[in-house]
Amino acid sequence: MVEAVILGSGTSNGVPTLGVEYSAEFLAKPKNHRTRSSLLLRGPEGNLLVDCSPEMRLQLLREDVSQVDAVIITHTHADHIMGMDDLRAFVLKTGRDMPVYAYPEHQVDIRRVFAYAFAELPPGIEVPRFELMDLPPVLKTCGMEVQSFRVRHGATEVAALKVNRFGYITDVSEIPAEVWPHFCDLDTLVIDAVRRRPHPNHLHFARAIEVAEQLGAKMTYFTHLSHDYDHDITERDELPPTIRLAFDGLRIDIL
């Protein structure tokens, strides 16, 4: 069995967002505190990390994760890669470069942003080292088979992932017709619903509900959430039982 752990369920600003005043009632609810979006897949033979948010170190410490064996980067926007430097801890622990799977165009960004990770440096300077590899349609790692599909996030193509009957689609505005059938009738779907009003690069609340109902998973969780959502009130008053809001630390069994 595989366990999926939602490390972060928040949008690119995180929640609470800097410079915004919130009510004491909103802040008192732990599920309204959202770090940037990321996922951990605990496989039978290791841990696969999906994206490296700016809070990655804190997320992994919170979940008592002492080892990461491989990484998938869905795309290279800042909220999904700026924790990659902290992978150095696992590189130093194992003495091996971290396997990082990404689409070729995203590998270019990783090499640019983290140029020092690929540079020849004097002895004694400790940096993360990444073994960049193309994300294949089916990746076999950590005792799992992870399928990947290209979906649209505005002008950017993002990797949507599927493990058995579990789907993960973060940062999405459009699911191409050829991809759609692969995410129908799942046990669990985790999908973007960034805010209430329409967004050019993301599904918004009403559209995400439409997509979730059309895809027909037994349970759908919305992720990449802004402070538009008071977790408890939204679930109680606005969502059917088959759609819930993800939260940091949510665990999902994948059969």
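Remember, it's a predicted structure, so these values are computed and weren't measured experimentally. Counting begins at 1 with the first residue of the sequence.
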Between Phe183 and Phe149, ring centroids under 6.0 Å: yes
Answer with yes or no whether the side chains of Asp134 and Gln107 bring together a donor and an acceptor at under 3.5 Å. yes
Show the nearest heavy-atom pair for residues Ala212 and Phe222, with the distance to one decimal. CB-CE2, 4.2 Å
What about Leu41 and Leu7, same hydrophobic cluster or not, with Ile/Leu/Val/Met/Phe/Trp/Tyr joined at side-chain heavy-atom distances under 4.5 Å? no
So, the side chain of Ser9 versus the backbone of Arg34: is there a donor-acceptor pair under 3.5 Å, distance only? no
Steps toward side-chain contact (heavy atoms from CB on, under 4.5 Å) verdict (Val71, Met84): CA-CA 10 Å; Val71 176; Met84 288 186 72; 5.7 Å; no
Evaluate the criterion salt bridge (charged side-chain N to carboxylate O under 4.0 Å, His left out) for residue pair Arg129 and Glu120; output intermediate values, then yes/no. CA-CA 11 Å; Arg129 295 294 186 184; Glu120 292 292 332; 5.9 Å; no
Heavy-atom count around Arg62 CZ within 6.0 Å, excluding the residue itself: above 12? yes
Would you confirm whether Arg207, through its side chain, and His202, through its main-chain N or O, come within 3.5 Å as a donor-acceptor pair? no
Would you check, one step at a time, whether the test side-chain hydrogen bond (donor to acceptor under 3.5 Å, both in side chains) holds for Thr76 with Asp109? CA-CA 7 Å; Thr76 45; Asp109 291 337; 2.6 Å; yes
Describe, in one word, how the ring planes of His106 and Tyr103 are oriented to each other, choosing from parallel (under 30°), tilted (30 to 60°) and perpendicular (over 60°). tilted
Taking the side chain from Ser23 and the backbone from Phe26, do they hold a donor-acceptor pair closer than 3.5 Å? yes
Please assess Thr94 against Gln67 for the test side-chain contact (heavy atoms from CB on, under 4.5 Å), listing each intermediate value before the final yes or no. CA-CA 9 Å; Thr94 64; Gln67 181 58 41; 3.7 Å; yes
Does any N or O in the side chain of Arg195 come within less than 3.5 Å of the main-chain N or O of Pro198, such that one atom is a donor and the other an acceptor? yes
Do Cys52 and Met82 make a side-chain contact, defined as non-hydrogen atoms from C-beta onward lying under 4.5 Å apart? no
Under 6.0 Å from the ring centre and within 45 degrees of the ring axis: does the NZ or CZ of Arg196 meet both conditions for the six-membered ring of Phe205? yes
Between Glu63 and Arg42, is the salt bridge (charged side-chain N to carboxylate O under 4.0 Å, His left out) condition met? List the steps. CA-CA 11 Å; Glu63 301 301 329; Arg42 296 183 185 268; 5.1 Å; no
Non-hydrogen side-chain atoms of Thr223 and Leu39 separated by less than 4.5 Å: no
Verify, without hydrogens or angle tests, whether His75 (side chain) and Thr156 (backbone) share a donor-acceptor contact under 3.5 angstrom. no
Main-chain N/O of Thr35 paired with Asp248 side-chain donor or acceptor, under 3.5 Å: yes
Please determine whether residues Leu239 and Tyr221 belong to a single hydrophobic cluster, defined as Ile, Leu, Val, Met, Phe, Trp and Tyr linked transitively by side-chain heavy-atom distances below 4.5 Å. no
Residue Arg88 excluded, over 12 heavy atoms near CZ under 6.0 Å: yes
Looking at side-chain heavy atoms only, is the closest gap between Asp171 and Thr74 below 4.5 Å? no
Given 3.5 Å as the limit, does a donor-acceptor pair link the side chain of Ser148 with the main chain of Pro136, or not? yes
Worked check of side-chain contact (heavy atoms from CB on, under 4.5 Å) between Glu131 and Met98: CA-CA 6 Å; Glu131 181 185 2; Met98 179 63 70; over 6 Å; no
Cluster overlap Met144 with Val65, hydrophobic side-chain contacts below 4.5 Å: no
Does the side chain of His227 come under 3.5 Å of the side chain of Asn13 through a donor N or O and an acceptor N or O? no
Contact check, side chains of His77 and His153, non-hydrogen atoms, under 4.5 Å: yes
Tell me if the NZ atom of Lys29 is crowded by more than 12 foreign heavy atoms within 6.0 Å. yes
One pair to check against side-chain contact (heavy atoms from CB on, under 4.5 Å): Phe166 and Asp187. What are the steps and the verdict? CA-CA 6 Å; Phe166 169 85; Asp187 288 341; over 6 Å; no
So, does Tyr168 use its side chain to make a donor-acceptor pair with the main chain of Val50 at under 3.5 Å? no
Are the side chain of Ser38 and the backbone N or O of Asp51 linked by a donor-acceptor pair below 3.5 Å? yes
Between Asp69 and Thr141, is any pair of side-chain heavy atoms under 4.5 Å apart? no
Treat each ILVMFWY residue as a node, draw an edge where side-chain heavy atoms are under 4.5 Å apart, and state whether Trp180 and Val151 are in one component. yes
Is there a path of hydrophobic side-chain contacts, each under 4.5 Å between heavy atoms of I/L/V/M/F/W/Y residues, joining Ile6 to Leu58? no
Over 60° means perpendicular and under 30° means parallel, so tell me whether Tyr116 and Phe114 are parallel, tilted or perpendicular. perpendicular
Does Tyr22 reach the main-chain N or O of Thr17 with its side chain, forming a donor-acceptor pair under 3.5 Å? yes
Ile252 vs Leu250 side-chain heavy atoms within contact, under 4.5 Å: yes
